[in-house]
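In what follows, chains are A, B, ... by sequence order, proteins preceding strands, each numbered from 1.
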Amino acid sequence: MSWDPVYKLVKQIPRGRVLTYGAVARALHLPGGARTAGRAMAGCPSGKGIPWHRVLGAGGKLLIREPYASLQRKLLESEGVQMTERRVNMKLHQWSAPRFKKSAKNRSGKTRKN
DNA sequence: CATCTGACGACCG
DNA sequence: GCGGTCGCCAGAT
């Protein structure tokens with residue numbers, strides 16, 4: 001399987017921003033959803049400048065285990081990402097991944113529900 | 001070819 | 001908020 005599009009998207013994640021596996025899967029329209037994105041990241045080639053640490057689980061959960069877990073935390077923290085012991089503040093750092101094949105909707109300043 | 005597992009996500013208690 | 005279960009796809013054994 002060619003994960004190139006996945007790595008390509010991850011490489012586009014701005015510093016200090018993060019994405020979830022589900023978001024990546026949906027942005028690239030990957031079959032199987034988040035698991036497929038996870039598989040792609042698991043085989044993430046080193047030395048390619050891929051900010052793999054910016055990809056988290058749903059809700060900003062840090063799913064990666066040691067020894068990469070601590071490394072990921074260190075890198076994120078280094079980028080000024082606000083986080084708890086095992087979760088990242090998605091509200092502040094979730095990045096709007098560009099939609100491939102689908103039109104991106106303007107979700108800025110939404111009323112939410114109050 | 002059958003089965004298990006995994007850098008997942010949503011749901012339920 | 002946390003742990004357990006089911007569904008999903010692909011690779012490994």
Side-chain angles (χ1 to χ4, degrees):
Chain A
M1 191 65 88
S2 306
W3 306 123
D4 293 331
V6 179
Y7 303 141
K8 195 168 157 186
L9 175 61
V10 175
K11 278 195 273 189
Q12 292 173 67
I13 303 176
R15 183 173 177 280
R17 290 275 203 277
V18 296
L19 272 183
T20 65
Y21 295 100
V24 173
R26 294 191 329 199
L28 299 176
H29 196 98
L30 300 177
R35 290 230 74 138
T36 306
R39 278 201 64 70
M41 295 313 296
C44 164
S46 320
K48 300 288 185 181
I50 301 174
W52 56 269
H53 58 276
R54 293 178 187 151
V55 185
L56 321 165
K61 290 195 292 191
L62 298 169
L63 306 172
I64 306 175
R65 298 179 197 174
E66 300 293 333
Y68 293 102
S70 50
L71 175 59
Q72 180 178 38
R73 286 187 50 174
K74 191 180 70 172
L75 290 170
L76 288 171
E77 197 173 278
S78 180
E79 296 184 354
V81 175
Q82 297 302 305
M83 53 195 290
T84 63
E85 174 138 352
R86 51 204 192 192
R87 299 229 334 212
V88 171
N89 191 328
M90 301 301 283
K91 304 299 181 184
L92 302 177
H93 305 290
Q94 189 168 86
W95 178 59
S96 303
R99 279 298 177 97
F100 294 92
K101 308 172 74 163
K102 293 288 187 181
S103 13
K105 269 291 188 142
N106 174 17
R107 64 179 60 232
S108 56
K110 220 4 208 152
T111 68
R112 280 187 59 189
K113 56 183 169 77
N114 180 254

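- For Arg35(A) and dC8(B), the shortest distance from a side-chain N or O to OP1 or OP2 is below 4.0 Å.
- Atom CG of Leu76(A) is separated from atom C1' of dA7(B) by 13 Å (rounded to the nearest Å).
- Distance, Arg87(A) CZ to dC2(C) C1': 11 Å, rounded to whole Å.
- Across dC2(C), dA7(B), dG9(B), the shortest atom-to-atom separation from the side chain of Ala58(A) is found for dG9(B).
- In this structure, Met1(A) places its CE atom 16 Å from P of dC8(C), rounding to the nearest Å.
- Along DNA chain C, the nucleotide nearest to Lys61(A) and the one nearest to Trp3(A) differ in position, and the one closer to the 5' end is contacted by Lys61(A).
- The residue Met41(A) sits close to a base: some heavy atom pair falls under 4.0 Å.
- Per the geometry, CD belonging to Glu85(A) stands 10 Å off P belonging to dC2(C), to the nearest Å.
- When side chains are defined from C-beta on, Val55(A) counts as touching Tyr21(A), because their heavy atoms get closer than 4.5 Å.
- Closest of all the heavy-atom pairs between Leu28(A) and Val6(A) is CD1-CA, 3.4 Å.
- Of the listed nucleotides (dG9(B), dA7(B), dC2(C)), dA7(B) has the atom at the smallest distance from the side chain of Ile64(A).
- Between dG9(B), dA7(B), dC2(C), one nucleotide has an atom nearer to the side chain of Ala34(A) than all others, and that is dG9(B).
- Tested against Leu62(A) for a side-chain contact (heavy atoms from CB on, under 4.5 Å), the candidates Met83(A), Arg87(A), His53(A) yield a single pass: Met83(A).
- When heavy atoms are screened at a 4.0 angstrom cut-off, Gly33(A) is found touching no nucleic acid atom at all.
- Following rounding to the nearest Å, Leu62(A) (CG) and dA7(B) (C1') show an atom-to-atom distance of 11 Å.
- As a whole-Å value, the separation of Leu30(A) CG from dA10(C) P is 11 Å.
- Between Arg54(A) and Glu79(A) there is a salt bridge, with a side-chain nitrogen of the basic residue lying less than 4.0 Å from a carboxylate oxygen of the acidic one.
- The shortest side-chain heavy-atom distance between Ile13(A) and Val18(A) does not fall under the 4.5 Å cut-off.
- Met90(A) places its CE atom 14 Å from the P atom of dG1(C), with the value rounded to the nearest Å.
- OP1 and OP2 of dG6(B) both lie 4.0 Å or more from every side-chain N or O belonging to Arg65(A).
- Put simply, CG on Leu63(A) is 19 Å from P on dT5(B), counting in whole angstrom units.
- For Arg39(A), counting side-chain heavy atoms from C-beta on, the closest listed nucleotide (dA10(B), dA7(B), dG6(B)) is dG6(B).
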